[in-house]
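Report on one structure; see the data block that follows.
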Amino acid sequence: MTSKRKGNWTAEEDKNLCSSWVMISEDGAVGVNQRDTRFWDRVAAQFRSNDRNTSRTIKSMTNRMGTITKYCKCWNSAIQRAERNQPSGTNQMDVEHMAEQLYLSETGEKGWTFGHCWWILKRCQKFHTVILMPSSNQSRMSQGS
């Protein structure tokens, strides 16, 4: 019996998926009130328009995007904490090194492997509304206003 599962995702497929997700999620003509199935149908159509030879299913795409999102959330959290806690005299490379150490200690992963996705997603406003958690001071302030 042959498995229907395709091999690991390539970096190019990841970038295509993230770009497709961003394009569809930020489509102002449709708005934010898309049903989940319609949204993923559109993401899949965009993904396939960029890779006509793909055999990836919508389920495969949603699962992969879930994985990407999970690890990019952890990376975003690590970056934010490293930026807040950077000692005087550090540069961006130092901040990224501190973030990587935080990321590795929290995820148990051997390395940060979704940088190619992060560069696409970090500019997406919808992604940031999902991953940026307010500090306790901000949430108390917004509750009182």
Side-chain angles (χ1 to χ4, degrees), residues 4-51 54-145:
K4 292 182 180 180
R5 186 176 185 274
K6 190 175 187 276
N8 292 337
W9 284 69
T10 66
E12 286 305 311
E13 286 177 310
D14 283 347
K15 290 191 279 188
N16 181 11
L17 179 60
C18 291
S19 295
S20 298
W21 186 88
V22 168
M23 179 179 286
I24 300 306
S25 67
E26 292 187 340
D27 184 351
V30 175
V32 295
N33 296 324
Q34 300 179 62
R35 295 177 76 191
D36 193 51
T37 53
R38 179 67 180 131
F39 172 79
W40 281 103
D41 286 343
R42 294 182 69 222
V43 170
Q46 181 61 41
F47 181 89
R48 290 179 183 127
S49 74
N50 295 328
D51 182 359
T54 190
S55 61
R56 301 288 185 191
T57 64
I58 291 175
K59 183 176 180 181
S60 175
M61 290 179 206
T62 58
N63 288 341
R64 183 62 174 176
M65 195 65 201
T67 299
I68 291 168
T69 300
K70 174 185 169 183
Y71 288 107
C72 284
K73 283 180 183 182
C74 290
W75 179 252
N76 184 66
S77 174
I79 285 282
Q80 287 184 346
R81 281 182 287 134
E83 286 174 345
R84 280 194 307 265
N85 298 321
Q86 66 181 334
S88 177
T90 57
N91 60 30
Q92 188 60 34
M93 186 180 275
D94 296 329
V95 169
E96 289 176 14
H97 180 72
M98 286 186 286
E100 186 169 14
Q101 296 308 310
L102 288 167
Y103 173 86
L104 296 176
S105 68
E106 290 172 4
T107 63
E109 293 292 313
K110 294 178 181 160
W112 164 236
T113 58
F114 289 105
H116 58 285
C117 298
W118 175 246
W119 286 107
I120 296 167
L121 296 173
K122 75 177 195 169
R123 292 182 289 276
C124 176
Q125 186 59 42
K126 184 174 180 179
F127 188 77
H128 280 279
T129 60
V130 171
I131 65 173
L132 297 179
M133 304 302 282
S135 71
S136 57
N137 288 343
Q138 288 174 327
S139 61
R140 279 190 218 120
M141 290 172 65
S142 62
Q143 290 172 357
S145 36

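What's counted below: heavy atoms across the whole structure, side chains too, no hydrogens, waters or symmetry copies. Sequential numbering from 1 along the given sequence is applied to the chain's residues.
- Annotation: the span from S19 atom OG to F47 atom CZ amounts to 10.5 Å, rounded to 0.5 Å.
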query: What do the steps show when you test N16 against D51 for side-chain hydrogen bond (donor to acceptor under 3.5 Å, both in side chains), and what is the final call?
result: CA-CA 8 Å; N16 181 11; D51 182 359; 4.9 Å; no
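- With rounding to the nearest 0.5 Å, the separation of CZ in R48 from OG1 in T54 is 7.0 Å.
- Here the CG-CH2 distance, from N63 to W9, works out to 9.5 Å after rounding to the nearest 0.5 Å.
- Annotation for C72 and L121: closest pair SG-CD1, 4.1 Å, computed over non-hydrogen atoms.
- Looking at W112 and W118, their side chains come closer than 4.5 Å, going by heavy atoms from C-beta outward.
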- request: Please report the C-alpha distance between V43 and L17 in whole Å, then the side-chain angles of each, then the deciding distance to 0.1 Å, and finally whether the side chain to side chain contact (heavy atoms under 4.5 Å, CB included) criterion is met.
  value: CA-CA 8 Å; V43 170; L17 179 60; 4.1 Å; yes
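- Scanning both residues, G89 and D94, for their nearest heavy atoms gives O-OD2, 4.4 Å.
- A donor-acceptor pair under 3.5 Å links the side-chain atoms of E13 to the main chain of T10, judged by distance alone.
- Looking only at side-chain heavy atoms (C-beta outward), W21 and Q46 stay at 4.5 Å or farther from each other.
- Remark: I79 CD1 to Q92 CD distance equals 6.5 Å, nearest 0.5 Å.
- Put simply, the side chain of R64 does not reach to within 4.5 Å of the side chain of K59, judged on heavy atoms.
- You'll find the side chain of M98 reaches within 4.5 Å of the side chain of P87, heavy atoms only.
- The minimum heavy-atom distance linking Q86 with E83 is given by the pair CG-O, 3.5 Å.
- Residues I68 and F114 come closest through the heavy atom pair CG1-CE2, 3.8 Å.
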- request: Let me see the working for I120 and K15 under side chain to side chain contact (heavy atoms under 4.5 Å, CB included), right down to the final yes or no.
  value: CA-CA 7 Å; I120 296 167; K15 290 191 279 188; 3.7 Å; yes
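- Remark: H116 NE2 is packed, more than 12 non-hydrogen atoms of other residues, nucleotides or ligands lying under 6.0 Å away.
- Residues L102 and A82 approach most closely at CD1-N, 4.1 Å, considering heavy atoms.
- Note that CE of M61 is 10.0 Å distant from CG of D41, once rounded to the nearest 0.5 Å.
- L104 and K110 get closest at one heavy-atom pair: CD2-C, 3.7 Å.
- In this structure, R35 is not positioned above the aromatic face of W40 in the sense of NZ or CZ being under 6.0 Å from the six-membered ring centre and within 45° of the axis.
- Ion pairing between a basic and an acidic side chain is recognised when a charged N comes within 4.0 Å of a carboxylate O; R123 and E26 show no such pairing.
- Taken from SG in C117 to NZ in K122, the straight-line distance is 13.5 Å, to the nearest 0.5 Å.
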